[in-house]
Each structure stands twice: as C-alpha cells, then as structure tokens.
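Below is one structure, written out as structure tokens; comments come after it.
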Amino acid sequence: MKPFTFSVPQNIIAGKGSLKQLPDIGKKLGTHAFIISGPHLNQMGVVKGCTDKLEAAGIQVDAFTQTEGNPSVETVDKAAAAFLASGADFIVALGGGSPMDVAKAVGVVAKYGGSITEYEGGGKVPGDIIPIIAIPTTAGTGSEVTAFSVITDHSRNYKLTVFSYKLIPAYAILDAELLTTAPASVAAACGIDALVHALEAYISTDASPFSDAMAEKALELIGGNIRKYVANRANTEAAEAMLIGSLFAGIAFSWARLGNVHAMSHPVSAYFNVPHGVANAILLPTIVEYNALADDGKYRKIYNYVSEIPAAEETFVPSMLTEKLKELNAMLGIPASLREAGVTEETFDAMAEDAMKSGNILVNPRASKKQDILNLYHKAF
Ligand SMILES: [Zn+2]
C-alpha cells in the first residue's frame, strides 16, 4: 500500500432544504456577508433568496454577481475590490465552479494583497484565507471541497491553478433543491466533469486507499444517476446523488490529483473558451484508451459503475470502457470531437506545451511526453 495522509478540514451540511441553515452558519463567521455568484443565478432570483435569508437574520449583505465561465484574473480583481470596499467578514460562494474559483481567489488576494497570478502553483498561500461558505448549484465541480482555484489569465491564454489546503471553504451546504433548474446541457457537462474527477483520481499514481474509497463511492453515485438526472433535473433523488457524488469526487482529487484529461482540457478552455465539463468529456474516451496500457484492474470496476449491465471478469477488455464512455457522451448530447466543439488545430503545439506544465501529467497512470499529448489532441480532434 502507498503511504498516505488525509484530512477533510471542513464542515459539510447536506440534505434537501439545508439552505435554510445558511443564516445560522453565517452568524458563526460574522455579521456581514459578501455573495459571489453569476448573472444567471442573479436573474433567476437565487442570489436574492440567499440575501433575504441572511438579512432576515440580521446579517448585512453585499454581492458580486458577474462571474463568467472560465473566470478571469480581471474578474478576481474586480470582485476583490468590491469585497474590500464592502467591509464584509466572510464570503458566500453561490453557483457552479466559476463563482467558487473566484471566491477562493478573492479570499486570498483580499487578505494578502497583490494579484492572484502571484499565488500560482502549490503552497504559495501564506495562511488562512477569508472564510467561505460554498453552496453548489451544479453537480458538479466539487469545488466546494477542493483545495484548488483555477483562473484564466487572458494575457497568456493560460488557466492558472492555485493549490493550497487553505483554499478549502470553511462550510459547504449541499441542497439538491438548488439543482433542479439547471439546463440539461449544463447538467450533462457538469455531471461528466464530476465523473472525470472520480475516474482520474481513482487511476492516479497518487491514489491511496482513502482517496479510492471516495472515488469508488463517487463513481457509483454518478454512474448510477447521471442519465436520470440529465433526463429530468427535477428528480431530486438523482440530483442529490449527483451532488454527493461530486462532493466525494472533489475530496478524492484534492488528495490524489487528476490526470491527462484535466491537464489537456485547461488549454482547450483557455484558447477556445469551451466549457470545462465539455472539454473534459470530449477528451475522456481518447485518454482512457491511451491509459489502458497501465490498467491494473480498475477499468473493469469503473465500467461496472458506469454501465447499466456489469461485465464479468472473463469477458472484460479495456476497450469496453472507452466505448461505454463514448456512448454515454452521445446519450448526454456532448460533442464527439474537439472539432465539433469549435477547436482548431493550429494552436495544438502551444496547448501541448501548456498541458505539460500541469502537475496532473505527473500523476497520470501512463507516462506522457509532449509528443504524446500532441498526438492525443489530434486524436480527439
Ligand atoms: Zn474538472
């Protein structure tokens, strides 16, 4: 067994209707909240719903609701300036991965100053950040429990990653009732992203028995519910299973890291603004096929979590998993290739260069050189 350490330094509150606990949790952190969210949730009245709950409990509220998909350094700067001007005590991150990534970055720069680009990489965050209550409205990035913030630096077409266990939000509230209004395309892309988190953490060379336990439960919950949830987001049982599955996947990959899918998807999003989940979903079958050479028996387990009908040991071959994932993508309406998603080939060399900078390459089960990454981009194209 590989030696491992593990801790989940966080309070997790889960259950339908658990959002009503927000004011009591807020009171533990201060008297002035700053909500970070996106324009869509603002228009839908979800931001107002949270504001009303907090204000009714005597907590002052300010908000920044301009986070975009693949959020930028500029957005972090604007949100941090607004946070500091408000004088708030804590942050409520409400939404999918983007508001949470921004909230974590604001939590760092509002406390320690400078630009988020100065904290790129691992271990650069000096200490505790502004406390965050994370409330996911998608299932999901798992960002409510992860130690990462991913921010796009447009000046160099690059998605930078800040990695520190200090980034983990103090509280996560998982209320499946917030997931029922997601469009099917968002539910599909976020659901596959969560599946990729679990899968990459599970086969990572940094996987431990603890992260495996988290990843296997995540695969079971996501594999068994993603079709039902995308088919009908109002199915709160399926939504809740997806939400808890993406939480477990987030914990798994905070410790086991990810792999080539995420290393390669970040440049796809940075250059072509393809949503994170869509970029991952398209790359997944190609990289699962590439990694088959390193399979030590986990592929059949993954297949059995994802497939409606399990495969017996004697009949299973790794290509069955690749085909199953292609079929799942097609069922959920994911584009079949990078070309279909609007990507063009002329930047592949620079993208492969950027992908090689990711720490995730180092923990991918099959070792990769830049030429391998380039070949994989062409294959997925
Ligand atoms: Zn992801």
Side-chain angles (χ1 to χ4, degrees), residues 67-71 93 95-105 134 136-152 158-163 167-169 172 182 185-204 206-207 211 214-215 218-219 221-223 226 242-243 245-270 272-288 291 302 325 328-329 332 334 338 341 354-355 358-361 363-364 380:
T67 64
E68 72 278 46
N70 300 316
S98 298
M100 292 196 205
D101 281 341
V102 172
K104 291 170 180 174
T137 61
T138 64
T141 61
S143 188
E144 68 276 8
V145 285
T146 70
F148 303 92
S149 171
V150 182
I151 302 293
T152 302
Y158 187 69
K159 282 185 96 166
L160 67 92
T161 299
V162 180
F163 170 47
L167 295 184
I168 297 176
S185 58
V186 172
C190 294
I192 293 275
D193 184 33
L195 179 74
V196 178
H197 293 160
L199 186 152
E200 292 208 286
Y202 193 44
I203 60 173
S204 155
D206 253 6
S211 65
M214 292 281 130
L219 286 163
L221 288 167
I222 297 163
I226 189 167
M242 290 297 294
L243 196 54
S246 51
L247 169 96
F248 286 150
I251 295 171
F253 92 78
S254 264
W255 297 88
R257 305 290 311 253
L258 293 160
N260 281 12
V261 179
H262 273 75
M264 291 176 61
S265 81
H266 285 329
V268 171
S269 297
F272 298 98
N273 204 26
V274 177
H276 174 69
V278 174
N280 280 327
I282 295 170
L283 292 165
L284 179 64
T286 303
I287 293 164
V288 163
N291 284 339
I302 298 167
L325 294 170
L328 182 62
N329 274 351
L332 300 181
I334 303 281
L338 291 175
D354 286 348
S358 166
N360 291 321
I361 293 277
V363 297
N364 190 71

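In each ligand, atom 1 is the first atom listed, and ligand 1 is the first ligand listed.
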Sorted by chain and residue number, the ring pair (Phe, Tyr, Trp, His ring centres under 6.0 Å) partners of F163 (sequence neighbours excluded) come out as F148, Y165
dist L195:CG -> C190:SG (nearest 0.5 Å) comes out at 13.0 Å
**Q.** Parallel, tilted or perpendicular: rings of H266 and H276 (30°, 60°)
**A.** parallel
Indicate whether the side chain of N273 and that of N70 have a donor and an acceptor atom separated by less than 3.5 Å. yes
Here the Zn ion (ligand 1) sees protein N, O or S atoms within less than 2.8 Å, and their number is 4
Here the gap from T152 atom OG1 to K159 atom NZ, rounded to the nearest 0.5 Å, amounts to 5.0 Å
To the nearest 0.5 Å, atom CD of E200 lies from atom OG of S204 at 9.0 Å
